[in-house]
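What follows is a single structure, written as structure tokens, with notes after it.
Atom set for the values below is all heavy atoms of this structure, side chains included, hydrogens, waters and symmetry mates excluded.
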Amino acid sequence: MTTSRPNPRSPRGATARACAPRPAARSARAPAAVLVGGTLLLTVACSGGDDRTVAESETAPTVAERPLAAQATASTPSASPASDLTETDARNALITESDIEDQWTQVKDPRSWRDSLLVGQVDVAAFLTGKSDAEACQRLVNALYDEPLLGSPSGASALTGFQEGDSRLLYQVAAYQKDDLDDSMTWLKSLPDTCDQFTLTGSGSGRRTVRVVEASLPEEGDDRQGLTVTVKGTSGGDPVTLILDVAAVRIGADAITVTNGGLDGADHDTTRAAVEQGTPRLEDVLAGRTPQPTPSGVE
């Protein structure tokens, strides 16, 4: 699949916002980141005219949100630079159906996938529940179709999900402490070696064999890592193979994460499109711009 990147456009009608302290100043890149709501809190700086446009779709029911984390106080300084991404920014940076094309349909509540994800006759959430002897591998399995793939966000986050047949795509934009995000990216990069093949046991699905291999991603953001995870076992006495793409892209102290796939396999082109279209959207909102909608018909 070949995608086209929309050109950014200037914000329209930016509304005034209440001022609140930032955890840390935005880095020099400012003029230039699973699964799966809470009270909406918007935080902006009082100086520098850093108002941003609120998208018309900010109340869309298909987007799940998380409130901003508590601000660090002067007596307890942050251990590393923190993002000033707002909830509105995170929502505006989410991809849409137009960004990934094909027959994907946006779902209402992707957060529910972490508790029960029924695909055909297979409860995928139960199929992925089990124990591994390796802690790093256990962390990966626990995070599939769940929102803390890179750990719990320290600030704003927004989540959306799509489905197409027996495939599901989970997409998150979130803010983190920079040091924590760097550690999580390092962990992801280690998995093709440390968790190339391991076994899950228990939780009523018997023994499942898991394989993790590296997957290529477009050269987007400051850092990125792609994986393809294959889980083989049985469900209800029938053989099941679940294949998922996992992707993460870091931009400063923010990141986007993608989990995409299902019982019919993982469409790698869709994963790449989500990264290629989603990263510029996040870069736009971090620069104070409103991302231009992706034209329909993108291939």
Side-chain angles (χ1 to χ4, degrees), residues 1-3 33-36 62-64 93-114 116-120 122 124-125 127-128 140-150 157-174 184-185 188-189 191-192 195 210-218 220-221 224-232 240-250 255-282 294 298-299:
M1 175 186 300
T2 303
T3 57
V34 152
L35 177 15
V36 204
T62 56
V63 176
L94 291 173
I95 60 171
T96 67
E97 294 171 352
S98 296
D99 292 310
I100 51 179
E101 285 295 303
D102 292 331
Q103 302 300 314
W104 292 95
T105 301
Q106 199 165 16
V107 301
K108 184 176 182 179
D109 185 17
R111 288 189 190 278
S112 64
W113 288 351
R114 62 184 174 184
S116 177
L117 177 55
L118 188 64
V119 178
V122 179
V124 174
F127 185 67
L128 290 172
L140 172 64
V141 173
N142 291 347
L144 296 175
Y145 282 128
D146 204 351
E147 59 179 312
L149 177 67
L150 298 177
S157 71
L159 183 75
T160 190
F162 307 85
Q163 65 181 26
E164 181 186 34
D166 285 345
S167 294
R168 304 291 184 270
L169 188 150
L170 183 70
Y171 189 95
Q172 184 180 34
V173 175
S184 293
M185 293 298 295
L188 274 182
K189 292 175 182 293
L191 293 179
C195 299
V210 185
R211 296 192 62 188
V212 180
V213 298
E214 189 167 9
S216 64
L217 293 177
E220 299 283 355
R224 68 211 63 81
Q225 181 60 44
L227 305 171
T228 298
V229 182
T230 302
V231 187
K232 290 186 176 183
V240 172
T241 298
L242 177 69
I243 303 177
L244 300 172
D245 275 352
V246 176
V249 178
R250 179 182 67 80
I256 64 174
T257 56
V258 182
T259 303
N260 167 40
L263 303 179
D264 291 335
D267 186 335
H268 306 307
D269 286 343
T270 295
T271 304
R272 293 176 61 86
V275 167
E276 197 166 34
Q277 295 294 331
T279 305
R281 292 182 67 88
L282 179 54
T294 302
V298 172
E299 297 180 355

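- A donor-acceptor contact shorter than 3.5 Å is absent between the side chain of Asp264 and the backbone of Ser167.
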Can you list the steps and then say if Asp166 with Val122 is a side chain to side chain contact (heavy atoms under 4.5 Å, CB included)? CA-CA 10 Å; Asp166 285 345; Val122 179; over 6 Å; no
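- Between the CD atom in Glu101 and the OG1 atom in Thr96 there is a gap of 9.0 Å [rounded to 0.5 Å].
- Here OG1 of Thr270 is found 9.0 Å from CG of Asp245. Values are rounded to the nearest 0.5 Å.
- Leu150 and Met185 get closest at one heavy-atom pair: CD2-SD, 4.3 Å.
- Taking every heavy atom of both residues into account, Arg281 and Leu94 meet most closely at NE-O, 3.0 Å.
- In this structure, the side chain of Arg250 does not engage the main chain of Gly221 through any donor-acceptor pair within 3.5 Å.
- Using a 4.5 Å heavy-atom cutoff, the side chains of Leu263 and Leu242 are in contact.
- Here the shortest heavy-atom pairing between Pro148 and Ala143 reads O-CB, 4.2 Å.
- Contact annotation: the side chain of Ile100 never approaches that of Gln277 to less than 4.5 Å [non-hydrogen atoms, C-beta and beyond].
- Phe162 contributes atom CZ, which lies 13.0 Å from atom CZ of Arg168 (distance to the nearest 0.5 angstrom).
- For the atom pair Thr257 OG1 and Leu159 CG, the distance stands at 7.5 Å (nearest 0.5 Å).
- In this structure, Leu128 and Val141 approach most closely via the heavy-atom pair O-CG1, 2.9 Å.
- Using a distance-only test at 3.5 Å, with no hydrogens or angles considered, a donor-acceptor pair links the side chain of Lys189 to the main chain of Arg224.
- Under a 3.5 Å cut-off, the side chain of Glu97 and the backbone N or O of Gln106 do form a donor-acceptor pair.
- For Val275 against Ala247, the heavy-atom pair with the smallest separation is CG2-CB, 4.1 Å.
- Rounding to the nearest 0.5 Å places CG of Leu244 at 10.5 Å from CG of Leu169.
- Distance check, rounded to the nearest 0.5 Å: CD1 of Ile95 to CH2 of Trp104 gives 9.5 Å.
- Judged by distance alone, with hydrogens and angles left aside, the side-chain atoms of Gln225 form no donor-acceptor pair with the main-chain N or O of Ala248 at under 3.5 Å.
- Between Ser157 and Gln172 the shortest heavy-atom distance is CB-NE2, 3.9 Å.
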Go through the steps for Val258 and Val246 under the test side chain to side chain contact (heavy atoms under 4.5 Å, CB included), then give the verdict. CA-CA 6 Å; Val258 182; Val246 176; over 6 Å; no
